Amino acid sequence: MGFIRTLHGDIAPAQLGVTYSHDHIYCIPPYWAERNDEDLLLDSAEASERELADFRAAGGHSFYDATAPDYGRQVEVVARIAQRQHVQIIATAGFNKGFLWSCKRPGHNDTFAQWIEHSPLDALVEHVVREVTDGIDGSQYRAGVVKCGTGYNMISPLERKTLEVIVRAQQITGAPMHSHTEMGTMALEQTQVFKTLGLDMSRLCFAHMDRNPDPWLHRQIANTGAYLSFDGITRIKYHPEHIRTQAILELCKRGYQKQILIGGDFARKSMSAHYGKGGLGLKFILADWRPRFIEEAHEAGFDGEALLHDFFIANPARYFTFSQDSQ
């Protein structure tokens, strides 16, 4: 039987419950820290823990923390606050995207770019696999997802190297795989690479699909068997909320509702209700977006409750489950 790997141990898929499939909670990205961009530093354990408490009170049980090492992963703090709030966290091994790699790796003299460039591919694969099978940074906490990503309308040579690293790590561990797409671009180009490498596309989720709400593009991605993450909820600066709902329902009309995941990509102090900047908070999706989506889905002829059961419970339980015979 398959399992889902959380920071506090492996669980059965049925134990996952209501899940956000792409968020962050406590992270200090080196790239943004070097540039003193305070809004992108989720660096108060107390404020972050209050967000988890709100999420739990709103009916949430689990979420995928998509924070890779190059985005300032802080696994010990996240594990501690999650345990106190009874939230199941799935952690990340791997990489985010290339523009972050000019900064130094914490505790090392080289940058992420230098490390990736000069390390043999096999060594990078071994490093990622070890974080899934043994523990992150020598801790007891193991990652439950492997991640890669690419930039805006381009795949750099180093990003291409990490795509292969993560595909190989996925094939060795059986872990689910998550891919960052900058502003929703390069998913089809990534797909070409992944298929060449023999990836089972049903083990993959593409992030930020609502940054590029193109129904034709979404259909092409869904046709591969991959999951699509709609994870920009509350970001009205990109487009009105109904655009995201329309994109989701277009996929549902084509029968792809079993491949949709939902998250908030909660990554700024200004998104938080507890960092003193007046944000909507982690609870917003369950407390406020959920009833709106049900209403809009009903107006379009869908059972919104049934769709959200897929998006929040059934689909995450299937996606985050390790492949059979995995470690």
Side-chain angles (χ1 to χ4, degrees), residues 13-23 51-52 54-64 66 87-88 178 181 183-184 187 202 205-266 271 273 279-321:
Q15 294 176 276
L16 192 65
V18 174
T19 302
Y20 285 2
S21 294
H22 181 173
D23 275 280
E51 288 291 346
L52 285 183
D54 288 353
F55 169 70
R56 194 74 171 90
H61 300 101
S62 307
F63 81 70
Y64 167 48
V87 174
Q88 300 174 132
H178 179 91
T181 66
M183 296 298 294
S202 72
C205 176
F206 285 106
H208 308 309
M209 290 294 95
D210 43 2
R211 297 284 184 92
N212 189 359
D214 178 346
W216 179 88
L217 174 66
H218 293 171
R219 290 197 303 273
Q220 306 315 305
I221 295 168
N223 283 337
T224 71
Y227 290 81
L228 296 87
S229 179
F230 291 82
D231 46 35
I233 295 167
T234 78
R235 287 180 168 86
I236 308 304
K237 63 183 180 180
Y238 295 114
H239 42 249
E241 193 61 51
H242 78 281
I243 298 297
R244 180 181 0 268
T245 297
Q246 287 176 351
I248 291 171
L249 294 179
E250 281 298 319
L251 283 170
C252 295
K253 289 175 184 177
R254 303 285 182 136
Y256 294 118
Q257 64 267 24
K258 302 295 185 183
Q259 293 167 244
I260 295 171
L261 300 171
I262 297 294
D265 193 17
F266 181 89
M271 297 177 71
L280 296 172
L282 199 60
K283 68 181 184 300
F284 177 85
I285 295 174
L286 290 174
D288 296 280
W289 179 82
R290 181 180 180 277
R292 172 180 170 161
F293 178 84
I294 291 171
E295 180 180 333
E296 290 185 297
H298 178 73
E299 291 171 352
F302 291 94
D303 182 340
E305 290 275 11
L307 291 179
L308 290 180
H309 183 273
D310 280 338
F311 303 165
F312 285 126
I313 298 175
N315 297 351
R318 189 169 58 254
Y319 165 65
F320 287 112
T321 297

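Note that the structure is a prediction, hence the values are computed from the model and not measured. Positions are given from 1, in the same order as the sequence printed here.
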OH-CG distance between Tyr256 and Asn223, expressed to the nearest 0.5 angstrom: 3.5 Å
Does any non-hydrogen side-chain atom of Ile262 lie less than 4.5 Å from one of Phe293? no
Donor-acceptor pair, side chain of Asp23 and main chain of Asp265, under 3.5 angstrom: yes
Here the pair of heavy atoms bringing Glu241 nearest to Trp289 is OE2-NE1, 3.2 Å
Minimum-distance pair of heavy atoms, taken over all atoms of Ser229 and Cys205: CB-SG, 3.5 Å
Can you label the angle between the Phe63 ring and the Phe55 ring as parallel, tilted or perpendicular, going by 30° and 60°? perpendicular
Using atom types as modelled and distance alone, determine if a side-chain donor or acceptor of Ser21 lies under 3.5 Å from a backbone N or O of Pro316. no
Candidate pair Gln15 and His61, rule side chain to side chain contact (heavy atoms under 4.5 Å, CB included), full reasoning: CA-CA 9 Å; Gln15 294 176 276; His61 300 101; over 6 Å; no
Within a strict 4.5 Å, meaning less than it, do heavy atoms of the Arg318 and Tyr227 side chains meet? yes
Please test Phe284 against Asp54 for side chain to side chain contact (heavy atoms under 4.5 Å, CB included), starting from the C-alpha separation and ending with a verdict. CA-CA 9 Å; Phe284 177 85; Asp54 288 353; over 6 Å; no
Return the minimal non-hydrogen interatomic distance between Ala273 and Lys283, and the atom names on each side. CB-NZ, 4.4 Å
Hey, does Tyr238 have a side-chain heavy atom less than 4.5 Å from the side chain of Ile243? no
Say whether, by atom type as modelled, one donor and one acceptor occur between the side chain of Thr19 and the main chain of Gly17 under 3.5 angstrom. yes
If you take all heavy atoms of Gln257 and Asn315, which pair is closest and at what distance? O-ND2, 2.8 Å
Donor-acceptor pair, side chain of Glu51 and main chain of Gly281, under 3.5 angstrom: no
Any salt bridge linking Glu295 with Arg292? Criterion: basic side-chain nitrogen under 4.0 Å from a carboxylate oxygen. no
Check for a donor-acceptor pair, side chain of Arg219 on one end and backbone N or O of Arg254 on the other, with a separation under 3.5 Å. no
Closest contact, heavy atoms only, Pro13 versus Thr321: CG-OG1, 3.3 Å
Give me the atom names and distance for the closest heavy-atom approach of Gln259 to Ala226. NE2-O, 2.7 Å
Kindly indicate whether the side chain of Thr181, heavy atoms from C-beta on, has any atom under 4.5 Å from the side chain of Asn212. no
Is there side-chain contact between Ile233 and Arg244, with at least one heavy-atom pair below 4.5 Å? yes
I'd like to know whether the aromatic ring centres of Phe266 and Tyr20 sit less than 6.0 Å apart in this structure. no
What's the spacing between Leu251 CG and Met209 CE if we round to 0.5 Å? 10.5 Å
Heavy atoms, side chains only, cut-off 4.5 Å: are Phe302 and Cys252 in contact? yes
Show your working on side chain to side chain contact (heavy atoms under 4.5 Å, CB included) between Leu280 and Asp288 and close with a plain yes or no. CA-CA 10 Å; Leu280 296 172; Asp288 296 280; over 6 Å; no
Contacts under 3.5 angstrom, residues 305-313 side chains, donor-acceptor by atom type, not counting sequence neighbours:
unit_1 : atom_1 : unit_2 : atom_2 : d
Glu305 : OE1    : Arg290 : NH2    : 2.8
Asp310 : OD1    : Lys258 : NZ     : 2.9
Asp310 : OD2    : Lys258 : NZ     : 3.3

Would a distance-only check, ignoring hydrogens and angles, find a side-chain to backbone donor-acceptor pair under 3.5 Å from His239 to Asp210? yes
Compute the ring centroids of Phe230 and His218, then answer whether they are less than 6.0 Å apart. yes
